[in-house]
There are 2 protein chains.
Amino acid sequence: MALRYDEIVRTGLARQVADLIRAAIMDGRLAIDERLPNEEELAHRFGISRPTVREALKVLAAQNLIRSRRGPAGGTFVTRPDPEGVAQAITDAATLLVGTGSFGREEILVARIETETLCCRLAAANRSAADLERMAAEIALQRQDGLSDEDFCASDVRFHRAIVTATGNGALRLMMHAVIESFIPVTNMLIHRDNERHRAADSHERILQAIAERDGEGAARLIRRHLEGLRGVLDSALERRAAARPPQVSEGEDRTSSDIPRHDDR
Amino acid sequence: MALRYDEIVRTGLARQVADLIRAAIMDGRLAIDERLPNEEELAHRFGISRPTVREALKVLAAQNLIRSRRGPAGGTFVTRPDPEGVAQAITDAATLLVGTGSFGREEILVARIETETLCCRLAAANRSAADLERMAAEIALQRQDGLSDEDFCASDVRFHRAIVTATGNGALRLMMHAVIESFIPVTNMLIHRDNERHRAADSHERILQAIAERDGEGAARLIRRHLEGLRGVLDSALERRAAARPPQVSEGEDRTSSDIPRHDDR
DNA sequence: GACTCTCTATTTGTCAAACCTATTATTGTT
DNA sequence: AACAATAATAGGTTTGACAAATAGAGAGTC
């Protein structure tokens with residue numbers, strides 16, 4: 001008999017338990033909204049302690065696979081995965097990637113241009129009246145004076161999201177969520193200083209018009225031009241910025257003392 | 001002085017701690033590869049106990065934000081987010097959504113058609129010789145006789161992934177990962193019964209040819225036809241299936257006893 | 001002197017047993 | 001019948017301890 005030397009497990013118990021339960025959920029052995037045994041029972045069944053079970057459950061809860069409630073009739077339940085939550089998680093992850101500079105500006109810009117162009121075509125074909133209203137409302141907001149940079153950027157995000165929603169395709173929307181939420185801020189942070197805003201709002205207006213008229217090709221052409229216009233502005237803005245302040249390393253002030261918030265000492 | 005009545009916190013301590021640390025990582029107050037204080041120290045600083053700190057850290061570890069090592073020079077470190085890991089997480093989440101029927105067949109199919117068409121155009125423009133080789137290798141594999149359904153499907157996935165990779169756009173690749181990995185299996189499970197395979201391989205061959213010749217429009221047209229052909233096959237397959245076995249509710253056998261694997265009782 | 005081995009200190013991983021707190025079903029009272 | 005007190009349940013947290021892994025220092029050997 002061949003003795004296998006790879007049987008011993010080096011991963012943590014909590015990790016293993018989490019993986020087991022996740023697998024059970026993923027392939028349907030645990031149905032949606034099904035109640036898992038309580039923590040003590042789980043600990044006993046797996047032959048581990050309750051804190052370890054809890055670590056495992058926390059991991060799964062962090063991935064939105066389960067939820068817990070206290071009290072009788074409480075317990076741990078398998079959650080129905082909702083597109084919104086998943087989209088949010090994807091966005092967070094993508095934002096982090098973008099933040100660390102995993103992608104180049106050009107990559108992000110090309111991805112935006114191509115995917116949003118596509119969405120415009122589909123949106124023109126499938127948009128509802130409500131979609132048009134939502135987009136028009138954002139444009140009106142963007143035309144207001146005295147809007148803060150953050151508010152303008154947020155409205156911009158919502159406008160582009162509205163286009164995606166107007167495609168009427170949930171699967172596409174899930175993917176695009178990440179693009180819109182995490183790619184736009186990067187491209188927009190430096191832009192819209194002052195009167196770039198009006199040009200952006202005008203572009204949005206024309207795009208809306210084309211989508212309203214069910215002119216998919218026109219809308220696609222317009223948003224492509226809109227985003228490619230961004231590229232020029234972005235490049236020059238970055239150059240200006242680089243010239244203005246030479247490479248600096250963020251001068252960590254009192255980092256070690258303030259990086260973790262301090263509670264009272266009980 | 002206005003007393004605020006919404007100050008009391010109803011969320012768990014572990015959750016709060018996780019959120020605080022995540023926020024610190026996200027906006028850069030905790031640098032990549034920086035070492036956090038050890039668990040005891042964290043517990044003391046936050047004014048909570050170590051198991052609670054550990055639950056919080058597990059949550060963050062589940063999101064690939066931190067990693068932990070034992071021993072001296074060990075501890076908890078902020079991880080550099082890697083696109084591969086994020087892509088995998090996105091894929092898992094998307095797979096779950098698809099599995100629960102959150103999206104319709106038509107939605108998924110349209111999303112695939114549109115996004116992959118786009119990728120073909122970009123791939124034709126940017127593909128390298130290595131990309132072409134990878135695609136050719138998969139086609140050769142798909143032409144082999146005696147390939148299992150799983151193996152054929154896996155090769156199909158790799159082929160479509162190769163197209164995405166050939167775009168040379170990492171950001172786009174991240175998004176498409178979810179589409180390819182989680183949308184393809186759904187559309188393919190029922191297909192490729194017997195000799196559909198040859199038609200698929202032929203389609204792949206023509207697409208490769210077009211991409212090799214830098215004919216973006218041609219490649220786009222071909223993959224669109226390829227995927228739209230799938231729609232017909234899929235619809236008829238599903239109808240056949242529905243007719244063959246009437247609505248059944250999966251006859252849970254001994255679910256309650258086997259849903260959670262049982263360890264020995266120590 | 002250079003190398004290898006062992007030992008130790010540090011840090012995460014796991015455990016046990018208790019207590020706290022939120023939630024709900026039940027019971028009792030009006 | 002409606003409402004309020006109460007008990008039971010199950011997750012949330014704490015305390016304190018021990019186990020396991022590992023980097024690095026120090027002892028021993030060639």
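Quantities reported herein were computed from a predicted structural model and do not represent experimental measurements. Computed over heavy atoms, backbone and side chain alike; hydrogens, waters and symmetry mates excluded. Every chain is numbered from 1 and lettered A, B, ... according to where its sequence line falls, protein lines coming before strand lines.
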Would you say CZ of A:Arg80 has more than 12 non-hydrogen atoms from neighbouring residues, nucleotides or ligands within 6.0 angstrom?
no
Which of D:dA23, D:dT14, D:dA10 is nearest the side chain of A:Asn38? It is D:dA10
Expressed as a whole number of angstroms, how long is the span from A:Arg50:CZ to D:dT13:P?
11 Å
Find the distance A:Glu39:CD to C:dC15:P and express it as a whole number of Å.
14 Å
Whichever of B:Gly74 and A:Glu40 has the more 5' nearest nucleotide on DNA chain D, that residue is A:Glu40
OP1 or OP2 of C:dC15 under 4.0 Å from side-chain N/O of A:Thr52:
yes
Quick test of your reading of the model: are A:Arg45 and A:Glu41 salt-bridged, counting only N-O distances below 4.0 Å?
yes
For a quick check of understanding: with a heavy-atom distance under 4.0 Å over all strands, which category does A:Arg69 fall into, base, sugar-phosphate or nothing?
sugar-phosphate
Salt bridge check, B:Arg15 against B:Glu55: does any charged N sit closer than 4.0 Å to a carboxylate O?
no
To the nearest angstrom, how far is A:Leu13 atom CG from D:dC18 atom P?
20 Å
Given salt bridge (charged side-chain N to carboxylate O under 4.0 Å, His left out), test A:Asp27 with A:Arg22 step by step and report yes or no.
CA-CA 9 Å; A:Asp27 61 21; A:Arg22 177 176 20 248; over 6 Å; no
What's the CD1-P distance between B:Ile48 and D:dT15, to the nearest Å?
11 Å
Length of the CZ-C1' vector between B:Arg15 and D:dT13, whole Å:
17 Å
Reading DNA chain C from 5' onward, which residue's closest nucleotide shows up sooner: B:Gly71 or A:Ala73?
B:Gly71
Of the listed nucleotides C:dG13, D:dT13, C:dC15, the one nearest the side chain of B:Arg70
C:dG13
Counting side-chain heavy atoms from CB outward, which of D:dA17, D:dT15, D:dA23 is closest to B:Pro72?
D:dA23
With a cut-off of less than 4.0 Å, is there a side-chain N or O of A:Arg54 near OP1 or OP2 of D:dG11?
no
Rounded to whole Å, please give me the gap between CD in A:Glu41 and C1' in D:dT9.
14 Å
Euclidean distance, atom CZ of residue A:Arg67 to atom P of D:dA10 [Å, nearest integer]:
16 Å
Side chain of B:Glu55 (C-beta onward), nearest among C:dC15, C:dG13, D:dT13
D:dT13
Would you mind reading off the distance between A:Lys58 atom NZ and D:dG12 atom P, rounded to a whole angstrom?
5 Å
Nearest atoms (heavy-atom pairs only) where B:Ala93 meets A:Val86:
CB-CG1, 3.5 Å
